[in-house]
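The structure appears below as structure tokens.
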There are 2 protein chains.
Amino acid sequence: MPPAAAEPLTPERILETTEEVLRRFGPTKATVVDVARALGVSHGSVYRHFPSKAALREAVTDRWLARSVVMLEQITSAPAESAPSKLEAWLEALFEAKRHKAGDDPELFATYTVLLTENSGVVDAHLTELIDQLGRIISEGVAAGSLAADDVPAAARAVFDATGRFHDPQYAADWLSPTIITEFEAVTALVVRGLRA
Amino acid sequence: MPPAAAEPLTPERILETTEEVLRRFGPTKATVVDVARALGVSHGSVYRHFPSKAALREAVTDRWLARSVVMLEQITSAPAESAPSKLEAWLEALFEAKRHKAGDDPELFATYTVLLTENSGVVDAHLTELIDQLGRIISEGVAAGSLAADDVPAAARAVFDATGRFHDPQYAADWLSPTIITEFEAVTALVVRGLRA
DNA sequence: CGAGTGACAGATATTGAAATATGTCACTCG
DNA sequence: CGAGTGACATATTTCAATATCTGTCACTCG
């Protein structure tokens, strides 16, 4: 981390550095003073851009979640063979992304899990977005006659709830089990079958 | 709590008193000395019957889980209109039981949640038992032609996983939401539909 | 005997004083 | 000006001492 550049201090730069500091020190040790030090400014300056440490961490959480939605949005809006297969692909992409994040860098994942529980409001908005994507896929299926659902948002929510074990970070430890993929496939198959016209 | 009776000190009495002490002091404050005091004996005597505090707490956990299985076993082995409706009744009984335990005495529920995370081995055995009951209901449905499943144990497991949000204590906070019942019904309907022949 | 004891060593938890962090704001200086 | 500062008051965390608890065992006594 270079001690400073004469670049202007922007919210964006602060967020980047906060991520860096969180990655290095973890969620309990990372302080606003650390962030300021890494940026080569006083901690008072950070408070010019974010009203509190909580707001700063919330913004980091939001950014992180926003990034992870992009790929799923691509699946959602891309044309696919059929709605059921798109649904399966979407669920698998979500699971695989989470599983790799958790498996490849467990410490960083644990850090973000802490941030997530700290910022349930941001998480709720994110989940709403994901469920909305599911709703769009299901609508597509209903329109094409391959899926059946009289209340699409409720069905989307049900699919999301039913697959919680494969995306809720609380279950991250289970994702290391060698049988987890079989279990994922069983649940996915059950859910998609339940939704078929 | 009477200071002692001249009754013989049995594992059963110790377990009862330990439950009592856990209920009153919570999982972090309850000590073996407290249990001994409540029984009117020295704490050394408790160690005559249980090799460690951990073993004692594990035994309490086991007892508690065993008690809660009885009602579900009754549903499992009772005759029913159809396998799908028995499956629905079983899932609803499980959810309602948990929801009431969590809602009626949140502190006690929190205490047991701590014991549960401490004793994952006991919990795993308990979950296996529950999933086994589900398997028996599904088998019955397959035999009667009302349900379809080529791998019954896997299907049972999938049903259990898919309904996790409505029995995993980690979600207990959600059970207070006024929409939770609707969500439960949506997931149950989806899962049962996915299993229908 | 043998169920129960209680003093003991080592492990764990509590406490409160010192150290560090958060958040504010009057000020500096380009 | 106005972005950035740093000294300050308050809140939170850390750390080491003290207290309590766990687990053992030689012993008591009905």
Side-chain angles (χ1 to χ4, degrees), chain A residues 1-61 107 110-111 114-115 117-119 122, chain B residues 1-61 107 110-111 114-115 117-119 122:
Chain A
M1 214 159 7
E7 300 169 55
L9 187 60
T10 61
E12 185 58 25
R13 278 188 68 219
I14 294 173
L15 287 176
E16 232 149 72
T17 306
T18 304
E19 275 196 20
E20 177 80 20
V21 168
L22 279 165
R23 175 190 297 275
R24 293 180 60 198
F25 300 156
T28 60
K29 297 282 181 186
T31 72
V32 176
V33 173
D34 290 332
V35 173
R37 197 183 0 258
L39 284 161
V41 300
S42 75
H43 75 280
S45 299
V46 172
Y47 282 95
R48 293 249 167 235
H49 297 275
F50 293 91
S52 67
K53 183 190 186 182
L56 177 57
R57 288 167 74 119
E58 185 176 295
V60 168
T61 308
E107 280 193 43
T111 292
V114 170
L115 290 183
T117 57
E118 230 170 65
N119 296 286
V122 169
Chain B
M1 214 156 14
E7 300 170 56
L9 187 60
T10 61
E12 185 57 26
R13 279 187 68 218
I14 294 173
L15 287 176
E16 232 149 74
T17 306
T18 303
E19 274 194 20
E20 178 80 21
V21 167
L22 279 166
R23 174 191 299 275
R24 294 181 59 197
F25 299 154
T28 59
K29 298 281 182 186
T31 71
V32 176
V33 173
D34 290 331
V35 173
R37 195 182 4 255
L39 284 161
V41 299
S42 74
H43 76 280
S45 299
V46 174
Y47 283 94
R48 294 251 166 232
H49 297 276
F50 293 91
S52 67
K53 183 189 186 183
L56 178 56
R57 289 166 74 119
E58 184 175 295
V60 167
T61 308
E107 280 193 44
T111 292
V114 171
L115 291 183
T117 56
E118 228 169 68
N119 296 287
V122 169

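As the structure is a computational prediction, the values presented were derived from the model and not from experiment. Residue numbers begin at 1 in each chain, while the letters A, B, ... track the order of the sequences. FYI, side chains are in, hydrogens and waters are out, and symmetry mates aren't considered; it's all heavy atoms of this structure.
As rounded to whole Å, 13 Å separates atom C1' of dA3(C) from atom CZ of Arg13(B). The separation between His49(A) atom NE2 and dG23(C) atom P is 16 Å, rounded to whole Å. Atom C1' of nucleotide dT22(C) and atom CZ of Phe50(A) are separated by 16 Å, given to the nearest angstrom. The distance from atom CZ of Arg48(B) to atom C1' of dC27(D) is 11 Å, rounded to the nearest whole Å. Rounded to a whole Å, the CG atom of Leu39(B) is 10 Å from the P atom of dT5(C). Protein atom OH of Tyr47(A) is 16 Å distant from nucleotide atom P of dG6(D), rounded to whole Å. The interatomic distance linking Phe25(A) (CZ) with dT20(C) (P) rounds to 15 Å, in whole Å. Atom NZ in Lys53(B) sits roughly 9 Å away from atom C1' in dT12(C) (whole-Å rounding).
Two residues are said to be in side-chain contact when any heavy atoms from C-beta on lie closer than 4.5 Å; Leu115(B) and Leu22(B) meet this criterion. Between Glu20(A) and Glu16(A), every side-chain heavy-atom pair lies at or beyond the 4.5 Å cut-off. At least one side-chain heavy atom of Arg37(A) sits under 4.5 Å from a side-chain heavy atom of Val33(A).
When the nucleotides dT22(D), dT5(D), dG4(C) are ranked by their closest atom to the side chain of Leu9(B), dG4(C) comes out on top. When the nucleotides dG23(C), dG6(D), dG23(D) are ranked by their closest atom to the side chain of Ser52(B), dG23(D) comes out on top. Residue Ser45(A) places its side chain closer to dT5(D) than to any other of dG6(C), dT5(D), dG23(C).
Distance check: Glu58(B) CD to Glu118(B) CD gives 9.5 Å after rounding to the nearest 0.5 Å. To the nearest 0.5 angstrom, Thr17(A) atom OG1 is 9.5 Å from Glu12(A) atom CD. Note that CZ of Arg13(B) is 5.5 Å distant from CG of Leu39(B), once rounded to the nearest 0.5 Å.
The main-chain N or O of Ala30(B) is never found under 3.5 Å from a side-chain atom of Asp34(B) such that the two would form a donor-acceptor pair. No donor-acceptor pair closer than 3.5 Å links the side chain of Arg57(A) to the backbone N or O of Asn119(A).
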For Phe25(B) and Thr31(B), run side chain to side chain contact (heavy atoms under 4.5 Å, CB included): C-alpha distance rounded to whole Å, both residues' side-chain angles, the deciding distance at 0.1 Å, then the answer. CA-CA 9 Å; Phe25(B) 299 154; Thr31(B) 71; over 6 Å; no
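Helical stems of DNA chain D (runs of at least 3 Watson-Crick or G-U pairs, donor-acceptor distances under 3.5 Å) are listed by first residue: C:1-30 with D:1-30.
Among the heavy atoms of the strands lying under 4.0 Å from Thr31(B) are primed sugar atoms or P, OP1, OP2 only; no base atom is included. Note on Val33(B): a base of the nucleic acid sits closer than 4.0 angstrom, heavy atoms only.
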All N/O pairs under 3.5 Å across the protein-nucleotides 7-18 of chain D interface:
from, atom 1, to, atom 2, distance (Å)
dT14(D), OP1, Lys29(A), NZ, 3.2

